[in-house]
There are 2 protein chains.
Amino acid sequence: MTIAPADLRGSFSLPPGKALDICHQLEAAILQHRMQPGMKLAEDEVGELFGVSRTVARTALQALAHGGLVTIERNRGAFVSRPTIREAHEVFEARALIEPRIARMAARAMTPDHLKVLQGHVDAEHEVTAQGDMGMALAHSGAFHLSIADIADQAILTQILHTLVSRSSLIIALYWHRRDTGCESHSHHALLKAFSVRDENAAEEIMKSHMVDLHSGLDLRDRSESHRSLADVFAKP
Amino acid sequence: MTIAPADLRGSFSLPPGKALDICHQLEAAILQHRMQPGMKLAEDEVGELFGVSRTVARTALQALAHGGLVTIERNRGAFVSRPTIREAHEVFEARALIEPRIARMAARAMTPDHLKVLQGHVDAEHEVTAQGDMGMALAHSGAFHLSIADIADQAILTQILHTLVSRSSLIIALYWHRRDTGCESHSHHALLKAFSVRDENAAEEIMKSHMVDLHSGLDLRDRSESHRSLADVFAKP
DNA sequence: AATCTCCATTTCGTATACAATCTGTAGGCA
DNA sequence: TGCCTACAGATTGTATACGAAATGGAGATT
């Protein structure tokens with residue numbers, strides 16, 4: 001494996017260049033859970049790490065902020081986002097709305113070559129899971145979902161889904177609770193099967209229930225330890 | 001009327017500051033069709049216009065680029081986006097997927113105060129339409145749709161819809177063909193009526209057909225005059 | 001000992017300077 | 001005349017410098 005396994009390019013509205021590269025590298029690191037939500041991303045640090053000035057680092061961080069992966073606070077800097085429980089629900093509700101439709105369109109457009117790509121993601125996910133690298137497994141799982149959108153050939157929905165999948169990774173880092181292994185692979189296999197016979201209805205239905213599964217695999221109870229903002233804490237009910 | 005009628009804030013992931021203000025002003029100008037798709041937005045010009053340096057202007061333009069309103073080409077600069085026919089279809093297909101759901105959720109959450117806000121947008125749209133200011137009318141129409149998302153109280157879908165509505169404005173500038181006035185107001189009134197009795201099913205259905213109407217009001221035939229990229233023109237079939 | 005104030009440090013916000021790239025035009029050459 | 005080349009202008013890409021804001025700690029005060 002050479003570069004990024006979660007090869008999720010195409011969703012940053014930046015012209016090609018150093019800033020875009022940094023975006024991709026930071027995104028991969030976040031998606032693979034090599035950076036925790038809440039972690040500080042100082043401009044100087046990022047710039048030095050990638051051998052560019054603060055100007056370029058800043059551009060990259062702002063681009064990531066637009067995707068929701070990073071949060072920028074004025075005069076305080078950039079941090080890996082910490083999605084709230086509320087956001088977590090909304091992200092998976094949005095995915096539950098969008099992805100079944102995407103699955104249907106992908107099933108319609110599916111070719112043997114497309115199937116091979118999807119199979120590759122599932123295999124890779126299995127492999128790294130066997131090695132215990134859950135971060136990488138999650139990245140491959142995300143790539144699987146995004147490849148489906150690619151196949152559906154709807155650029156705008158793909159771009160939207162890209163941000164949702166990225167955020168999902170943060171949400172899982174914070175709230176994933178189900179400990180049973182192979183959490184998703186069954187659904188992914190079932191999807192592959194539906195795709196292989198181009199069964200649009202099955203693909204849509206399987207994706208829909210897959211989304212419900214994912215959502216219910218989170219522990220989104222309102223543990224008071226979660227750092228709500230001061231304004232939230234003192235908001236009148 | 002004081003500031004922006006299309007008061008569509010909240011969708012730029014920038015900390016408050018000058019750059020964000022510039023974003024809002026440029027967005028309003030584009031949404032009201034005071035700037036045509038394809039128009040150049042030079043950094044110097046924008047900076048001078050708003051009394052800031054290129055740095056800040058650049059930040060604003062990049063933020064707009066992430067929303068799809070502006071396209072940045074490396075070493076060439078920023079331009080008001082010119083959505084392709086393909087993108088136009090995709091935008092309205094995405095809206096057709098998302099907005100009926102939003103309408104349903106909004107109907108569930110509707111209160112008398114919310115209704116007043118929506119009624120205000122419709123009234124404002126009528127007023128400026130009567131004055132012949134179609135750009136402003138379009139901006140109010142967009143604000144109506146976004147207010148519905150606000151009422152549905154789904155921040156993520158609202159943000160997604162914001163970008164879609166903005167792009168719709170560009171698409172309409174390029175491709176709107178139906179000349180009959182009152183193009184949308186009937187649908188908007190029907191929606192208001194459904195909302196006023198909190199009829200979720202009706203709201204969803206009306207919104208769905210409203211989306212079909214909008215989509216079909218565009219002339220998306222492949223007129224060869226449209227400036228396709230050279231690569232597209234000479235792509236082998 | 002606890003608290004307040006002030007200052008030093010760090011980090012970001014903004015402006016400016018210089019380098020790189022592209023575009024258009026004028027001049028030279030076949 | 002037609003075409004290629006080279007230069008000049010304009011615009012963006014990147015780096016750096018300086019100012020502003022927030023943080024953290026040392027010292028003074030009660």
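Atoms considered below: every heavy atom in the structure, side chains included; atoms not considered: hydrogens, waters and symmetry mates. Quick note on labels: first sequence line is chain A, next is B, and so on, each numbered from 1.
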**Study point:** Under the side chain to side chain donor-acceptor pair (under 3.5 Å) test, residues paired with A:Asp153 that sit two or more places apart
**Key:** B:Arg86
Exercise for review: Using chain B heavy atoms and a threshold of under 4.0 Å, write down where along DNA chain D the contacts begin and end, 5' to 3'.
Suggested key: D:dT11 to D:dT14
Check your understanding: Which pairs count as salt bridge (charged side-chain N to carboxylate O under 4.0 Å, His left out) when at least one residue sits in residues 48-65 of chain B, sequence neighbours excluded?
Key -> B:Glu43-B:Arg54, B:Glu43-B:Arg58
Exercise for review: Could you list the residues that satisfy side chain to side chain donor-acceptor pair (under 3.5 Å) with B:Arg101, not counting sequence neighbours?
Suggested key: none
Study note, to complete from the structure: Separation of C:dA20 atom P from A:Lys18 atom NZ, nearest Å, is 10 Å
Check your understanding: Pick from A:Asp219, A:Ile171, A:Leu218: which one makes a side-chain contact (heavy atoms from CB on, under 4.5 Å) with A:Trp176?
Key -> A:Leu218
**Study point:** Side-chain ion pair, A:Lys18 and A:Asp21, N-O less than 4.0 Å
**Key:** no
Exercise for review: Give me the residues of residues 56-76 of chain B where at least one heavy atom lies under 4.0 Å from an atom of DNA chain C, by number, or none.
Suggested key: B:Val56, B:Asn75, B:Arg76
Point to revise | Atom-pair distance (CD on A:Glu45; C1' on C:dT11), nearest Å | key: 12 Å
Practice item. Identify, with sequence neighbours excluded, every residue that meets salt bridge (Lys or Arg N to Asp or Glu O under 4.0 Å) alongside A:Arg167. Key: none
Revision key, fill the gap. When rounded to whole Å, the CD to P distance for the pair B:Glu48 and C:dT14 reads 18 Å
Review point. Whole-Å distance between C:dC12 P and B:Leu14 CG?
Key: 16 Å
**Study point:** Residue met sooner reading DNA chain C from 5', once A:Thr55 and A:Gly77 are mapped to nucleotides
**Key:** A:Gly77
Check your understanding: When you match B:Gly17 and B:Arg54 each to their closest nucleotide on DNA chain C, which lands nearer the 5' end?
Key -> B:Gly17
Review point. Does A:Gln159 reach the side chain of B:Glu90, with side-chain heavy atoms less than 4.5 Å apart?
Key: no
Practice item. Taking the side chain as every heavy atom from C-beta outward, state whether B:Asp113 and B:Lys116 have any atom pair closer than 4.5 Å. Key: yes
